[in-house]
Amino acid sequence: MPQDPRNAKAGMASLKTRPIERNLALTRLGLGAGARIAAHEFANLFRGKDGRVASDRTFYVEQAQRLADELGRLKGSVMKVGQMLSLYGQYFLPEEAVRVLAQLQDDTPAVAWDAVAPILDRALGRARLKELQIERRPLASASLAQVHRARRLVDGLELVLKIQYPGVADAIESDITTMARLIAMTRLAPKGLNLESVYAEVKEMLHREVDYLAEARHTQAFGERLAGDARYAVPRVLPEYLSDQVLALTFEPGLHVRDPQVQALPQARRDAIGQAAFELFLKEFFEWGLVQTDPHFGNYKVRLGAGGAPDVLVTLDFGATRAFGRGFIDAYRDIVHGAMTGDRDEIRRGGEGIGLMSASFPAPVRESFYELCELIVEPFADAAYDWAASDLPRRVTDRIARNAMTRHFQIPPREIVFLHRRMAGVFILLATLRCRLNVHRTLMQVL
């Protein structure tokens, strides 16, 4: 779950939960966008080429900011579409616009207690609620739910209640239809770009994320698989407080990875935490085929070890967990192994197996794909890598942007987008911890 709302925008007294309210809000935004587009295009008639490029970039950023502001207020499905647009947008939007939409990942206002309390009443009943002392101020807030800390009176057990916002599950279908029209009206997506697969993926993902019984199963599965490793901690599900709109878990203490205490740890301890995070990703994808695809820092905490015990990586929020088929995993393994060993035939087989490239691509396009893959595996050479000092994400983004200008470009398969989202999260985590790690042997053993 995203950041503590004390550092977020001002709270909200209520939510627009009825489809007609949400559609009207987005329709007003779309009509305003239409007028601004007309004015922008008219002004561009009197600008030179360089002036038009600069004006277009500014215009897209302003459109993205207006969209982000409104989606943050509506929450729910439409906000998730905005989040997904920030992921896919790196392939076709100006960098500044992507940064604006990325704010939707972690900068959303909380909802007042009076708006979510009725959900608890209906889901758990008064008798169960009397067992708990619940803090009314949310511990964290996101697009579909917010988390409140609680204590069980009979034994003092500390727990958290993840409460789904009212109406979000019922609004998914109409929200996505309306959002698709809005994105077309605001021209945030280039004309002619088919985003149907993006919307289908978001719809499928949203239905998963509002399924708290499935999230409980994923939480239990991760807990069981990591139970024997002292470097990890996963919350325990409390089934007596579980419903389709409320998920109850044990409270797991820990510090944000940017906390001064974590940042002040010796290099060796920060490297050990980073190694644990890297190995966890490898386990999720290559071994289990079950990946927690939301790498937000609010979903990971560090519990400092005492008396020589290892520091613990606390993993939270498994609503975005996604299963990957063995065929996809094996093809991706070929790409990574081929890139690391310089075997371009292996890269090609993997790329074709996943659908990232085709045998019909001309030689320069294939060459560009090989170079991109070889660039991405830079941190995995057999040497210590300084993650904080690396500008690899910028270089990869620049290369993708250049490739996107060719007629052979297509939005990557949805599995790739969410897998790379998780991989980028690992990179950012290791950079934030200022890790200097040689992970070559660890990865090659898995490959």
Side-chain angles (χ1 to χ4, degrees), residues 1-4 105-106 139-140 142 147 158-160 162 215 218-237 249-322 379-380 384-385 387-388 419 421-439 441-443 445-446:
M1 294 289 292
Q3 67 186 37
D4 188 314
Q105 305 286 349
D106 58 12
L139 185 66
V147 171
E158 298 284 341
L159 64 146
V160 292
K162 182 177 180 180
E215 183 174 347
H218 288 139
T219 305
Q220 290 171 326
F222 272 71
E224 290 167 2
R225 287 169 173 169
L226 295 174
D229 196 323
R231 297 176 299 166
Y232 307 102
V234 178
R236 178 167 54 89
V237 176
L249 306 163
T250 54
F251 173 73
E252 299 296 332
L255 302 172
H256 195 283
V257 294
R258 290 196 178 101
D259 188 281
Q261 293 182 67
V262 176
Q263 292 295 308
L265 291 173
Q267 184 72 49
R269 287 178 67 177
R270 286 184 280 112
D271 285 348
I273 297 168
Q275 180 75 25
F278 184 73
E279 289 182 23
L280 177 59
F281 168 68
L282 296 183
K283 290 176 187 289
E284 289 181 29
F285 181 60
F286 288 109
E287 294 183 25
W288 307 340
L290 194 65
V291 179
Q292 198 283 66
T293 62
D294 184 358
H296 189 277
F297 274 7
N299 294 340
Y300 299 91
K301 295 194 289 187
V302 176
R303 185 181 304 160
L304 301 183
D311 300 310
V312 176
L313 185 67
V314 182
T315 63
L316 309 167
D317 197 337
F318 297 92
T321 301
R322 179 185 187 91
F380 311 135
Y385 192 75
W387 296 80
L419 178 63
R421 178 192 192 192
R422 176 74 164 87
M423 290 171 59
V426 175
F427 191 105
I428 294 169
L429 179 64
L430 268 59
T432 302
L433 291 169
R434 307 190 311 284
C435 291
R436 297 192 188 101
L437 282 177
N438 183 343
V439 296
R441 180 176 298 180
T442 302
L443 180 56
Q445 286 175 342
V446 172

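Counting heavy atoms from C-beta on, the side chains of Leu419 and Phe281 come closer than 4.5 Å. Counting heavy atoms from C-beta outward, Pro379 and Phe427 have side chains that approach closer than 4.5 Å. In this structure, Leu290 and Arg225 have side chains that are in contact, with non-hydrogen atoms separated by less than 4.5 Å. In this structure, the side chains of Thr432 and Arg258 come closer than 4.5 Å at one or more pairs of heavy atoms. You'll find the side chain of Leu265 reaches within 4.5 Å of the side chain of Leu304, heavy atoms only. Residues Val439 and Gln275 have side chains in contact (heavy-atom distance under 4.5 Å, counting atoms from C-beta outward).
Among all heavy-atom pairs drawn from Arg303 and Val314, the shortest one is NH2-CG2, 3.8 Å. Gly274 and Cys435 make their closest contact through CA-SG, 3.8 Å (heavy atoms, listed as atom of the first residue, atom of the second, distance). Between Val237 and Gln220 the shortest heavy-atom distance is CG2-CG, 3.8 Å. Between Val291 and Arg422, the shortest heavy-atom distance links the atoms CG1-CG, 3.8 Å. Of all heavy-atom pairs spanning Val262 and His256, the tightest one is CG2-O, 3.6 Å. Scanning both residues, Pro235 and Leu316, for their nearest heavy atoms gives CG-CD2, 3.5 Å.
For the atom pair CH2 of Trp387 and CG of Leu437, the computed distance is 7.5 Å after rounding to the nearest 0.5 Å. Taking CG of Leu433 as the reference point, atom CG of Asp311 lies at 10.0 Å (rounded to 0.5 Å). Taking CG of Asp259 as the reference point, atom NZ of Lys301 lies at 11.5 Å (rounded to 0.5 Å). Distance CD1/Ile273 to CG/Leu430: 10.5 Å, rounded to 0.5 Å. Distance check: Trp288 CH2 to Phe222 CZ gives 5.5 Å after rounding to the nearest 0.5 Å.
Proximity of a side-chain donor or acceptor of Asn299 to a complementary backbone N or O of Asp294 within less than 3.5 Å is detected. When atom types are taken as modelled, the side chain of Asp317 and the backbone of Gly319 share a donor-acceptor pair closer than 3.5 angstrom.
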- Working for side chain to side chain contact (heavy atoms under 4.5 Å, CB included), residues Arg231 and Glu279: CA-CA 11 Å; Arg231 297 176 299 166; Glu279 289 182 23; 2.9 Å; yes
- Task: Decide yes or no on side-chain hydrogen bond (donor to acceptor under 3.5 Å, both in side chains) for Thr315 and Gln292, but give the supporting numbers first.
- Result: CA-CA 10 Å; Thr315 63; Gln292 198 283 66; over 6 Å; no
- Message: Run the side chain to side chain contact (heavy atoms under 4.5 Å, CB included) test on Leu226 and Leu280 for me, step by step, so that the C-alpha distance in whole Å, both residues' side-chain angles and the decisive distance to 0.1 Å come before the verdict.
- Response: CA-CA 9 Å; Leu226 295 174; Leu280 177 59; 3.9 Å; yes
- Task: Any chance you could lay out the side chain to side chain contact (heavy atoms under 4.5 Å, CB included) test for Lys162 and Leu249, step after step, and finish with the verdict?
- Result: CA-CA 8 Å; Lys162 182 177 180 180; Leu249 306 163; 5.9 Å; no
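By the 6.0 Å contact criterion, CZ on Arg236 is open, its count of non-hydrogen atoms from other residues, nucleotides or ligands being 12 or less.
Residues Arg434 and Gln263 bring a donor and an acceptor atom of their side chains to less than 3.5 Å of each other.
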